[in-house]
Amino acid sequence: MTHDAMERLRGGAEPRNHNARTIAALTANPGCARRGVMDAAGVDKDAVARRLGFPAPFGQSQFAITRGNAFEAQVKADGCAQLLDLLRDRVDVPQVAYDDLEGGDESRELRHARTRRLLERALSSGEGMLFDHPLLRLDIAGQPAYLEPDVIAFQLRGRFHIIEIKSFAVIDGQAEPEQVAAAARQSAVYVLALRRLVVELGEPAERVSHEVFLVCPENFSNRPVATPLDVRPQLAVLERQLARLASVEQIIGGLPDDLTFALETGELPDAVRTVEARYAPECMASCEMAFFCRDEARACGATGVLGKAVRDDFGGVDSVATALALADGSLAPPPELAETAERLRTAARLRREALTAPVSA
């Protein structure tokens with residue numbers, strides 16, 4: 001996608017700066033053309049949604065942010081002494097050199113360059129190194145996104161590992177699955193960014209491990225516990241989606257040449273609807289446009305409103321009205337929907353039988 005096309009789509013606004021959360025969210029609905037176009041162009045989806053009258057209430061409470069900051073400070077105190085003790089309970093961690101790369105008034109470019117130099121030194125020496133606040137960079141559809149993680153990368157037996165510190169609790173060895181999944185997606189973003197930096201330095205990507213360590217409070221205390229987490233599935237999805245964003249110009253080619261998401265235009269709702277969405281209830285947790293897309297999907301009776309699993313089971317039937325017509329036989333299916341229609345008719349028959357079955361005493 002050309003620079004001029006991106007400028008036009010943004011209406012001349014500055015491109016939105018991505019972070020680990022927004023990059024991780026790209027993987028949540030890879031089939032959505034609307035999200036792909038907006039993210040590739042750097043459109044501020046939150047501002048667009050607010051202008052349309054469908055703001056998304058994302059973000060943590062101030063209490064959760066304060067608790068998270070306090071827990072992170074505790075784990076990182078005294079040169080990450082508590083963190084190293086946690087890791088030594090699981091792996092043989094040697095003495096490591098500690099560097100805090102938080103930059104103060106440094107520009108992002110200078111902080112990234114400093115991270116690069118220290119990483120290059122660690123790769124060549126093979127010594128144990130621990131980096132706090134490394135500044136990484138990842139290209140999103142040709143635009144550099146600087147990631148300022150509250151994570152640590154440390155070198156163990158020649159491989160770097162990402163550590164993600166979260167304040168949600170691990171109770172009896174289990175954490176909330178949705179929170180763990182979100183942490184895994186964000187960690188995969190850091191792993192990918194660090195791998196690409198390692199490759200730039202002439203080393204294989206495998207020098208950065210796909211296994212990260214998730215550090216959380218244990219039970220109902222502030223005592224931290226470290227748990228290994230394999231993020232290979234999240235890495236694979238992330239790389240596919242970033243590649244898709246890089247080739248989103250194929251979608252742009254089918255759109256009107258004057259299409260823009262400029263906030264001041266009176267045609268903004270129509271402009272957004274011009275790009276096809278693929279709404280599902282799961283979008284509510286990850287996309288700023290979700291409330292607008294949900295309203296749109298409900299108005300047209302889209303099967304996606306019922307969930308990804310239902311939509312996928314319908315196999316290409318995008319309308320609830322069409323699904324019902326196929327189920328009751330009032331609509332003859334085209335050849336490509338014959339199997340789906342048969343499943344729908346079977347489901348309708350089973351439902352009728354269940355509703356008409358006599359109730360035993």
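Using a cut-off of 4.0 Å between Lys/Arg side-chain N and Asp/Glu carboxylate O, R16 and E288 are scored as salt-bridged. With respect to R196 and E200, no salt bridge is recorded, no charged nitrogen being found less than 4.0 Å from a carboxylate O. Using a 4.0 Å cut-off between charged side-chain N and carboxylate O, K166 and E164 make a salt bridge. The existence of a salt bridge linking R117 and E120 is excluded, since no basic side-chain nitrogen approaches an acidic carboxylate oxygen closer than 4.0 Å. Ion pairing of E353 with R349 is present here, as a side-chain N (NZ or NE/NH1/NH2) and a carboxylate O approach within less than 4.0 Å. Between D4 and R8, no side-chain nitrogen of the basic residue sits less than 4.0 Å from a carboxylate oxygen of the acidic one, so the salt-bridge criterion is not met.
Panel note: side chain R51, backbone L263; a donor-acceptor pair is recorded below 3.5 Å. Put simply, the side chain of R34 gets close to the backbone of V272: a donor and an acceptor are under 3.5 Å apart. Between the R278 side chain and the A33 main chain, no donor and acceptor come within less than 3.5 Å of each other. Between the side chain of S124 and the backbone N or O of R121 there is at least one donor-acceptor pair closer than 3.5 Å. Remark: side-chain polar atoms of E211 are not paired, donor with acceptor, to backbone N or O of H161 under 3.5 angstrom. The backbone N or O of R273 lies less than 3.5 Å from no partner atom in the side chain of E296, so there is not a single donor-acceptor pair. A side-chain donor-acceptor contact under 3.5 Å links T274 to the backbone of D270. When atom types are taken as modelled, the side chain of Q74 and the backbone of N222 share a donor-acceptor pair closer than 3.5 angstrom.
Residues L138 and I23 form a side-chain contact, since some pair of their non-hydrogen atoms from C-beta on lies under 4.5 Å apart.
Between the OG atom of S107 and the OH atom of Y146 there is a distance of 8.0 Å, given to the nearest 0.5 Å.
Partners of F292 by ring pair (Phe, Tyr, Trp, His ring centres under 6.0 Å), not counting sequence neighbours, listed by chain and number: F54.
Side-chain contact of S221 with N219: a donor-acceptor pair under 3.5 Å is absent, judged by distance alone.
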- Message: Working note: T115 + F131, criterion side-chain contact (heavy atoms from CB on, under 4.5 Å); need CA distance, chi angles, decisive distance, verdict.
- Response: CA-CA 8 Å; T115 299; F131 299 143; 5.6 Å; no
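For the salt bridge (charged side-chain N to carboxylate O under 4.0 Å, His left out) criterion with E148, the lone passing option out of R137, R111, R108 is R111.
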